[in-house]
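Chain A is the first sequence line, chain B the second, and so forth, proteins listed ahead of strands; every chain is numbered from 1. Worth saying up front: this structure is predicted, and the values here are computed from it rather than measured.
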2 protein chains.
Amino acid sequence: MQTANPARRSSLQRMLVSRIVEAAHDHPTAHSVFERARRKMPSISLGTVYRNLQLLADQGVVLERKVGRRPARYEANRHRHYHICCVECGALEDLPVPYQKLLDRRVQRMVRYRLQEHRCEFYGVCPRCQTSARQQARPTAIARIRSPG
Amino acid sequence: MQTANPARRSSLQRMLVSRIVEAAHDHPTAHSVFERARRKMPSISLGTVYRNLQLLADQGVVLERKVGRRPARYEANRHRHYHICCVECGALEDLPVPYQKLLDRRVQRMVRYRLQEHRCEFYGVCPRCQTSARQQARPTAIARIRSPG
DNA sequence: CTAGTTGCAAAGCGTTTGCACTACG
DNA sequence: CGTAGTGCAAACGCTTTGCAACTAG
C-alpha cells in the first residue's frame with residue numbers, strides 16, 4: 001500500500017493501464033493487462049500494473065473480480081451486472097440480467113450492515129468444455145463436480 | 001491432486017475434518033479447521049486438512065467460499081443460501097434470503113452453459129467496523145470505498 | 001499386498017512490498 | 001525540490017505437491 005491518502009499524480013503507466021482495462025471486453029487478468037501494456041511500453045513492470053490496478057479499483061474506475069483460486073480479473077466499471085463463470089476453464093462472461101436492486105433492499109432491512117452492493121456469479125460448464133469433456137473417459141458412478149471455490 | 005478417481009478410503013483425519021466443519025457455524029478457514037483438529041489429534045498436519053477440505057468440497061460435503069484475497073472459508077453443505085461479507089474486516093455471515101431459483105432459470109434460458117448454481121454475496125460494512133471507523137480521522141472528500149475484490 | 005492417505009517440508013502462484021531511482025507538479 | 005510513482009527483485013500468504021512411511025481393505 002502507498003501513503004494513506006496520497007495526492008495522486010498522473011503517470012503514463014497509470015493512464016496506460018486504465019486505457020487498457022477500459023478498452024478490454026474480455027475481463028483480463030493482471031498479467032494479461034501487463035502483456036498488453038508491455039506492447040506499448042516495454043519497460044513497464046508487473047508490479048506497477050498491480051499497483052495501478054489496485055489503485056484504480058480503490059477509486060472505483062475498474063472492478064476486480066476474484067473467482068476461487070484463479071487470478072483476479074479486471075473490467076471497466078460501467079454498470080452493475082452479473083457474471084457466468086465456467087467451473088472447468090475459468091472463462092468469465094457478462095450476463096444481461098438486470099441488477100436486482102430488490103435484493104439489496106430486502107437484505108438492508110434484515111441486517112445492520114451499511115450495505116454497498118451485491119455480486120452474483122453463476123457457475124456452469126461452458127459449451128466448449130462440455131464438448132471436450134465428452135471426448136474423455138466416460139464419467140464414473142458419481143459425476144465429479146468441480147466446486148467453483 | 002490425488003489419483004484421477006480414487007476409490008476413497010476412510011481415515012480418522014478425514015472424519016475429523018468433516019465433523020469439525022459440520023459442527024462449525026462460523027465459516028472457519030482451513031487454518032482454523034486445522035487448529036480445531038489439532039486439539040483432538042495433535043499430529044494432524046495442515047496439508048492433510050487442506051487435502052481433505054478439498055476432497056470434501058469436491059464431493060459436495062462441504063462448501064468453499066473465497067472472497068477477495070482472503071483465505072477460503074468452509075461450511076457444511078446444508079442448504080443453498082447467500083452471504084454478507086464485511087468489506088473492512090472480512091466477516092462472513094449467512095443471510096436468511098431464499099435461493100432465487102428463478103434467476104437460474106432465467107440465465108439457463110440465455111446461455112449455452114450447463115448451469116449448476118449461482119452464488120450471491122452482499123457487501124457492506126458491519127456494525128462493528130462502522131463504529132471503529134467513526135473513531136478514526138473523518139473521511140476526505142471522496143469516501144474511500146474498499147473494493148470487495 | 002497395494003493403492004489411498006499421511007506428515008513433512010519445499011515449491012507454486014498470484015500478489016505485495018522494500019529499495020533506490022525517476023520524474024511530475 | 002519534495003514526494004508520488006517506477007522497475008526490480010525479494011518476500012508474502014495461502015495453497016498445493018513430491019516423497020517416503022504408513023495403513024485400511
Between the protein and nucleotides 10-12 of chain D, list the N/O to N/O atom pairs that are separated by less than 3.5 angstrom.
none

Lys/Arg N to Asp/Glu carboxylate O, A:Asp26 vs A:Arg36, below 4.0 Å | yes
Does A:Lys66 come within less than 4.0 Å of A:Glu121, counting only side-chain N to carboxylate O?
-> no
Reading 5' to 3' through nucleotides 20-25 of chain D, protein heavy-atom contacts under 4.0 Å coded B for base, S for sugar-phosphate only, - for none | ---BBS
Counting only non-hydrogen atoms, which of residues 21-40 of chain A are less than 4.0 Å from DNA chain C?
-> none
Taking side-chain contact (heavy atoms from CB on, under 4.5 Å) as the test, write out the residues that go with B:Arg73, two or more places apart.
-> B:His27, B:Thr29, B:Leu92
Is the shortest side-chain N/O distance from B:Tyr50 to OP1 or OP2 of D:dT15 below 4.0 Å?
-> yes
Begin from the C-alpha positions of B:His25 and B:Asp94 and carry the test side-chain contact (heavy atoms from CB on, under 4.5 Å) through to its verdict.
-> CA-CA 9 Å; B:His25 285 273; B:Asp94 292 343; over 6 Å; no
Give the rounded distance in Å between these two atoms: CG of A:Leu56 and C1' of C:dT15.
-> 16 Å
Interface polar pairs with nucleotides 7-10 of chain C, N/O, under 3.5 angstrom:
from: C:dG7; atom 1: OP1; to: B:Gln13; atom 2: NE2; distance (Å): 3.3
from: C:dG7; atom 1: OP1; to: B:Ser43; atom 2: O; distance (Å): 3.1
from: C:dG7; atom 1: OP2; to: B:Ser45; atom 2: N; distance (Å): 3.1
from: C:dG7; atom 1: OP2; to: B:Ser45; atom 2: OG; distance (Å): 3.3
from: C:dG7; atom 1: OP2; to: B:Thr48; atom 2: OG1; distance (Å): 2.5
from: C:dG7; atom 1: N7; to: B:Arg51; atom 2: NH2; distance (Å): 2.9
from: C:dG7; atom 1: O6; to: B:Arg51; atom 2: NH1; distance (Å): 3.4
from: C:dG7; atom 1: O6; to: B:Arg51; atom 2: NH2; distance (Å): 3.4

Over how many whole Å does the gap from A:Arg70 atom CZ to D:dC14 atom C1' extend?
-> 17 Å
Report the distance from atom CD of B:Glu64 to atom P of D:dC14, rounded to the nearest whole Å.
-> 14 Å
Who else is in A:Leu102's hydrophobic cluster (ILVMFWY, side-chain heavy atoms under 4.5 Å, direct or via others)?
-> none
Can you check whether A:Gln54 has a side-chain N or O nearer than 4.0 Å to OP1 or OP2 of C:dT15?
-> no
Let me know the distance between CE of A:Met15 and P of D:dG5, rounded to the nearest Å.
-> 12 Å
